[in-house]
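Heads up: the structure comes next, in structure tokens.
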Amino acid sequence: MEWRWSWVWELLPQFIDATGKTLLAAGGGYLIAVVLGLVLTLAQRTPWRPVTVVVRELVEFIRSTPLLLQVFFVFYVGPQFGINLSPWTSGLIAIGVHYAAYLSEVYRGGIENVPKGQWEAATAINMSTVQTYRRLIIPQALPPAIAGMGNYLVGIFKDTPMLSVIGVAELMHTANSVGALSYRYLEPYTMVGVLFLAISLPTAFFIARFEKWVRRKMGM
Amino acid sequence: MTTEDMSQYPLRLEGDNIPMVRFANVRKSYGALTVLDHLNLDIDMGEMVTIIGPSGSGKTTVLRMLMTLETINGGVIYVDGEPLTHMEKNGVLVPANPAHIRRIRSKIGMCFQHFNLFPHMTALQNCMEGPVQVLGMSKKEAEERSLELLDMVGMADKANQYPSRLSGGQQQRVAIARALAMRPKVMLFDEVTSALDPEVIGEVTNVIRKLVDAHSLTMLMVTHQMGFARDISDRVCFFHSGVIAEQGSPAELFGNPQNERTKQFLNAVLESN
């Protein structure tokens, strides 16, 4: 079986369009994960024990079950409880919540790394807990967390093909449909791999640069 | 907190000569270990009191309780006539809520052994943070005031440097300016020279001398610098095993100690120097 360049060029516009959708799914999911992850972290640090226990168990539960199952759950089980979501919305929620659990662990590590003396200095200038988090703890927890956050950005991007199973027309879904119509899988799947690589590698590179820049900017 | 008859403590201190700080029967323990046993100590307005003693004698705990970094297990701490650790409810003192603690705590500032500057902020931003965020001061006003204070501690030319670029002595001077920017009535110095190289200790002690001369601040200091304590203090308290074993003027305590423990401690310190 020989490689057909002409077909590759023919498919390219369609695949680039699908890449845009993949990026949208990864970006949207990541946005949910970044914000929700922080909420999960802070909720585990409240003085109310029932809240911390429930959130802690929730995070463990999400991290211990497959993403694919969570995607199916939101999309197929949701409607039985009257929650009807489009494939896109279901996909974004599932992938966002899944990665929020992972990111919350990254944040937790970052926050626990901030020396106790910083909390004491905040008390000594009479800051409230909210002010202390917002002005001192989170800004200091962030730079060491960037590497971990970046890993999960690449991770969420590579996991978007999971959304193809519920019909989100991202890259993998497009390659599957093209393959199913033509009975040729070599070019479409290779293109998916190359496109993923073309985005993952530079992203990892820029995250490393970004981390250095943030540290310098913050005088660390 | 153990059950204690709170009616023995006044709701607030009244009269002409109320102390700026009063520890009334204050107790602190970690599990079975008693760190402070029925501490009674008054510090007058404008007074400079130094606490000395062997490590583990509870001296740092005194400052940390006053800064509310440690809770107490009994007794009451008053600041400027009002209870800090407690608040009035139906005519008796009950443990204070966070809002009450914050209100009274605003009168207290503290400098730490390891400076604890905010590493992601410049010297100037460190000083402005409290006034802007906590006191609600305008940025312009906070900046002017912070620059004045940095000038006072001799750090005006380093205002835009991050802490990582400053020496220990310089960081500690910025930390003093940061604490003063909150306009405290009481300043606490917790072994502020202990983490410094010997050659820069002077730059920090000089700043504290300046404060003693120029301000009406009430100060409470824990230090191992006996010479400095002798020069600068109005009163020196020697702590041993969680109690004040002896206290008096520097001349009395260093010149003619009465307590056997004090004598032993001072001898040991003098020998090591």
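Numbered from 1 within each chain, the chains take letters A, B, ... in sequence-line order.
No more than 12 heavy atoms of other residues, nucleotides or ligands lie within 6.0 Å of CE in B:Met45, so this atom counts as exposed by the packing criterion. Taking a 6.0 Å sphere around CZ of A:Phe81, one finds it holds 12 or fewer heavy atoms contributed by other residues, nucleotides or ligands. When the shell of 6.0 Å around CZ of B:Arg209 is examined, it contains more than 12 heavy atoms from other residues, nucleotides or ligands. No more than 12 heavy-atom neighbours from other residues, nucleotides or ligands sit within 6.0 angstrom of CZ on B:Arg183. No more than 12 heavy atoms of other residues, nucleotides or ligands sit less than 6.0 Å from atom CZ of A:Phe206.
Residue contact with chain A, scored on non-hydrogen atoms closer than 4.5 Å, involves the backbone and the side chain of B:Met67 alike. Heavy atoms of B:Leu69 lying under 4.5 Å from chain A belong exclusively to its side chain. Only the side chain of A:Gln131 comes within contact range of chain B, judged by heavy atoms closer than 4.5 Å. At a 4.5 Å heavy-atom cutoff, the contact between B:Arg64 and chain A is made by side-chain atoms alone. Residue contact with chain A, scored on non-hydrogen atoms closer than 4.5 Å, involves the side chain of B:Phe112 exclusively. For A:Ser128, the parts lying under 4.5 angstrom from a heavy atom of chain B are both the backbone and the side chain.
At a threshold of 4.5 Å between non-hydrogen side-chain atoms, the residues B:Gln133 and A:Ile125 do not count as touching. With contacts defined as side-chain heavy-atom distances shorter than 4.5 Å, the pair B:Met110/A:Glu120 does not qualify.
Between the side chain of B:Asn116 and the backbone N or O of A:Ala121 there is no donor-acceptor pair closer than 3.5 Å. Remark: side-chain polar atoms of B:Arg105 are not paired, donor with acceptor, to backbone N or O of A:Ala124 under 3.5 angstrom. No donor-acceptor pair under 3.5 Å is formed between the side chain of B:His120 and the backbone N or O of A:Arg215. Using a distance-only test at 3.5 Å, with no hydrogens or angles considered, a donor-acceptor pair links the side chain of A:Gln118 to the main chain of B:Leu117.
Taken to the nearest 0.5 Å, the CZ atom of A:Arg135 stands 8.5 Å off from the CD atom of B:Gln125.
For a heavy-atom cut-off of 4.5 Å, chain A lies close to no residue in residues 154-161 of chain B.
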